[in-house]
Undergrad: 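Here it is, the structure in full.
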Amino acid sequence: MTEIPDEEVASKPIGVAVLLGLLTGCLSHELILIFAPDYLWFSVAAFIPGFYLLRIWTKTKLKSMNVIESDDLTISRRLGGRVSYSESFSNICRLVFSAFFLIITIGGNLIAISFPDESASIFNLIDLVDRFIP
């Protein structure tokens with residue numbers, strides 16, 4: 001198998017990882033806020049199913065881009081101190097998903113603790129933004 005020069009490395013599409021992090025964070029915050037407002041911090045547990053959804057999407061995306069690696073190739077790259085495209089893509093997607101999920105979930109929980117119940121919902125924050133933008 002030929003090596004790709006560093007100048008010709010393919011881009012890593014991470015937009016869906018951002019969207020998945022935002023949606024999972026919003027849904028977990030909203031559902032816990034509606035059904036169990038006394039246990040707000042349990043919304044962080046949605047991290048686990050979100051990671052599984054991200055993993056499924058990552059594997060599907062790699063297959064659609066025809067990036068298929070054998071275990072032998074992955075092990076030889078690791079021994080050589082290099083990271084494969086699929087591994088770096090997966091790591092970047094996990095990092096981006098984690099960042100956006102935690103920003104939404106922890107931010108929403110802190111807003112719910114600090115402000116009255118009516119303003120803790122993400123949907124009320126969207127309405128608040130609409131009021132300030134003419």
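Residue numbers count from 1 along this sequence.
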Undergrad: Please list, chain by chain and in numerical order, all residues satisfying ring-ring contact (aromatic ring centres under 6.0 Å, His included) with Trp57, sequence neighbours excluded.
TA: Phe89

Undergrad: Quick one: OG1 on Thr24 to CG on Leu19, what's the gap to the nearest 0.5 Å?
TA: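 Thr24 OG1 to Leu19 CG: 8.5 Å, rounded to 0.5 Å.
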
Undergrad: Which hydrophobic side chains are connected to Ile56, either touching it within the sub-4.5 Å cutoff or through other members that do?
TA: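 Besides Ile56, the hydrophobic cluster comprises nothing; the residue is isolated.
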
Undergrad: Can you name the ring-ring contact (aromatic ring centres under 6.0 Å, His included) partners of Tyr39, sequence neighbours left out?
TA: Phe42

Undergrad: Extract all donor-acceptor atom pairs below 3.5 Å that involve side chains of residues 92-107 and protein atoms in other chains or at least two apart in sequence.
TA:
unit_1: Arg94; atom_1: NH1; unit_2: Asn91; atom_2: OD1; d: 3.3
unit_1: Arg94; atom_1: NH2; unit_2: Ser90; atom_2: OG; d: 2.8
unit_1: Ser98; atom_1: OG; unit_2: Arg94; atom_2: O; d: 2.7
unit_1: Thr105; atom_1: OG1; unit_2: Phe101; atom_2: O; d: 2.9

Undergrad: Once side-chain contact (heavy atoms from CB on, under 4.5 Å) is applied, do any residues pair with Phe35, and if so which ones, sequence neighbours excluded?
TA: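 Per chain and number, Phe35 pairs via side-chain contact (heavy atoms from CB on, under 4.5 Å) with Leu31.
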
Undergrad: Using atom types as modelled, flag every donor-acceptor pair under 3.5 Å from a side chain in residues 43-50 to any protein atom, sequence neighbours excluded.
TA:
unit_1: Ser43; atom_1: OG; unit_2: Leu40; atom_2: O; d: 2.9
unit_1: Ser43; atom_1: OG; unit_2: Asn109; atom_2: ND2; d: 3.1

Undergrad: Could you state whether Ile14 and Leu23 fall into the same hydrophobic cluster, counting links through intermediate Ile, Leu, Val, Met, Phe, Trp or Tyr residues with side-chain heavy atoms under 4.5 angstrom apart?
TA: no

Undergrad: In Å and rounded to the nearest 0.5 Å, what is the CG to CG distance from Leu22 to Leu27?
TA: 11.0 Å

Undergrad: Closer than 3.5 angstrom, by distance alone: can the side chain of Ser28 be matched with the main-chain N or O of Gly25 as a donor-acceptor pair?
TA: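 Checked: pair present.
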
